[in-house]
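These notes are about the structure you will find just below.
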Number of protein chains: 2
Amino acid sequence: MAETIIPKATAKRLPLYYRYLTFLANSGTTKVSSTELSEAVKVDSATIRRDFSYFGALGKRGYGYDVNDLIKFFKKILNQDRLTNVALVGVGNLGHALLNYNFRQANNIRISAGFDLNPEIAGTIQSGVPIYPMADMVEQLREQQIEIVILTVPTDAAQDITDDLVKAGIKGIMNFTPLRISVPSYVRVQNVDLATELQTLIYFLEHYGPTLKDADDAE
Amino acid sequence: MAETIIPKATAKRLPLYYRYLTFLANSGTTKVSSTELSEAVKVDSATIRRDFSYFGALGKRGYGYDVNDLIKFFKKILNQDRLTNVALVGVGNLGHALLNYNFRQANNIRISAGFDLNPEIAGTIQSGVPIYPMADMVEQLREQQIEIVILTVPTDAAQDITDDLVKAGIKGIMNFTPLRISVPSYVRVQNVDLATELQTLIYFLEHYGPTLKDADDAE
DNA sequence: GCAATATTGTGCAATATTTCGCTTTTCAAC
DNA sequence: GTTGAAAAGCGAAATATTGCACAATATTGC
């Protein structure tokens, strides 16, 4: 949306910076240098300076960055200044774990509705979140104006349910199924494929020497 | 070790290819083209061909790739021809979900031991996996010669426990905590940071127009 | 066996990302 | 003030990755 268009690689690191900055603020630290930040988040200090510089000159030469200034700035950029509601589609093992995962505290994100086929939990409240039957999904998502969902359904059902999500006007899907779902271009999918990540880790261990850097995040 | 050194980006896609290939094999398909694969895994066909070509000429021009040949080949490359044991450190909400996550079926990976501080579950068997008290961790990991762990402990404890893991001779850590843990260079860390990923998704939705491609995996 | 077709493998250009190294600015101490 | 040290900002080089476009080659149908 109009800013100077940030590289994707940078965008992925912003939440990481943000979290560490809030940690610093909570422990009373008021200034930080790219070098200190680098040690904490394991990103090269030049990369951090470059990342920040996309947003303008946020620091002071010879001094560093003011922690509270950065937080104030990134809070807005990252939408942390307002609560984001998301839905959980599929309340199985992983779904339950995510219900209890504290997205809210660190990130101002709330799972405000769940959906599941299982009649034993549809209609109940799990970890404070109302679970609706799958049949009501499109209607509820529209009504509650939810634009982002976490998809943790069986792989077989993933594409069909995704199609419904699209009908319901969803804009973003965090996809925990191993299926690479098909969506229209205006819908964004973030794949989190646990088995693949573990597999990748094993591959790196077997085939790359030590000291190889990155390998990082899902991604 | 020693092969022609594959780009990291390629290595991360291998498990994805492998999974879809096994799916094809199970449904009786014997040949596949890079174009078909491309549609299923949402990776450009030229990228797929390039990825495969790092391993030699695996396909036949004018024909495509033989599914079973590819599977046989990648099975070895990806260590899927033998069972890999991993440990789960921290058996809370997410840990429990991972115990039930079927790594084994698709990936020949087994969680063969769990560790937790909580005396209520230490000493029990959860989802078929024995859970040991944290105090026995180093000893057990050594004894069972486990080299890879999944770390799902509270953030506060993450670095201390990581230090113990290193002492126990661990080589790879799949880190679900938001802390970027410090490890010696011979230990590889794969970060899976759920809140950050969700945050990134939200950022992309707010700041990038539609149709932007990637954004992908944890990564 | 030949022509038409399909599809790989890859040189190369385009794009994306990281990192070096230096200039500039700011701060702190005297 | 003046000076020295610290550290951002940034041009430009280095590195990594992707994707185009096409020649090479296999397959299929006649």
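Given the structure is predicted, the values throughout are model-derived calculations rather than measurements. Hydrogens, waters and symmetry mates are skipped; everything else that's a heavy atom, side chains included, is used. Lettering of chains follows the sequences in order, A, B, ..., and the numbering in each one begins at 1.
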- [ ] Please state whether the phosphate of dT18(C), meaning OP1 or OP2, lies under 4.0 angstrom from any side-chain nitrogen or oxygen of R13(A).
- [x]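 Looking at the OP1 and OP2 atoms of dT18(C), one of them is under 4.0 Å from a side-chain N or O of R13(A).
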I'd like to check the side-chain hydrogen bond (donor to acceptor under 3.5 Å, both in side chains) partners of [X]; sequence neighbours left out, ordered by chain and number.
X       : value
R61(B)  : none
S45(B)  : R49(B)
T155(A) : none
T162(A) : none

Exercise answer: donor-acceptor pairs, residues 21-30 of chain A side-chain atoms, under 3.5 Å, sequence neighbours excluded:
unit_1: T22(A); atom_1: OG1; unit_2: Y18(A); atom_2: O; d: 3.4
unit_1: T22(A); atom_1: OG1; unit_2: R19(A); atom_2: O; d: 2.7
unit_1: N26(A); atom_1: ND2; unit_2: T22(A); atom_2: O; d: 3.3
unit_1: S27(A); atom_1: OG; unit_2: F23(A); atom_2: O; d: 3.1
unit_1: S27(A); atom_1: OG; unit_2: L24(A); atom_2: O; d: 3.0

Task: From N93(B) atom CG to H96(A) atom NE2, the distance as rounded to the nearest 0.5 Å - done: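 Answer rounded to 0.5 Å: 9.5 Å.
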Return the value, rounded to whole Å, for the distance between atom [atom1] of [X] and atom [atom2] of [N].
X      : N       : atom1 : atom2 : value
F52(B) : dT10(C) : CZ    : P     : 14 Å
D51(A) : dT17(C) : CG    : C1'   : 10 Å
Y54(A) : dA8(D)  : OH    : P     : 16 Å
K8(A)  : dT17(D) : NZ    : P     : 13 Å
I48(A) : dA7(D)  : CD1   : P     : 13 Å
K12(B) : dT18(D) : NZ    : P     : 10 Å
R49(B) : dA23(D) : CZ    : C1'   : 13 Å

Open item on the list: Ring-plane angle category for F52(B) and F74(B), please: parallel below 30°, perpendicular beyond 60°, tilted otherwise.
Closed with: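 It falls in the tilted class, 30° to 60°.
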Task: DNA chain D contacts among residues 57-68 of chain B, heavy-atom distance under 4.0 Å - done: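 Heavy-atom contacts with DNA chain D come from K60(B), R61(B), G62(B), Y63(B).
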Open item on the list: What I want to check is whether an N or O donor and acceptor connect the side chain of R50(A) with the base of dT19(C) at under 3.5 Å.
Closed with: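 In this structure, the two groups form a donor-acceptor pair.
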TODO: Between dG19(D), dT17(C), dT19(C), spot the one nearest the side chain of P7(A), thanks.
DONE: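 The nucleotide sitting nearest to the side chain is dT17(C).
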Please identify each residue that fulfils ring pair (Phe, Tyr, Trp, His ring centres under 6.0 Å) with [X], with sequence neighbours left out.
X       : answer
F73(A)  : F55(A)
F115(A) : Y132(A)
Y63(B)  : none

Open item on the list: Once salt bridge (Lys or Arg N to Asp or Glu O under 4.0 Å) is applied, do any residues pair with R13(A), and if so which ones, sequence neighbours excluded?
Closed with: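 Only D51(A) meet the salt bridge (Lys or Arg N to Asp or Glu O under 4.0 Å) criterion with R13(A).
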- [ ] For DNA chain D, list all stems, counting runs of three or more consecutive pairs where every pair is Watson-Crick or G-U wobble with both distances under 3.5 Å.
- [x]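 Paired runs of 3+ in DNA chain D: C:1-30 with D:1-30.
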Task: DNA chain C contacts made by residues 27-38 of chain B, counting heavy atoms under 4.0 Å - done: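 Nucleic-acid contacts, sorted: S33(B), S34(B).
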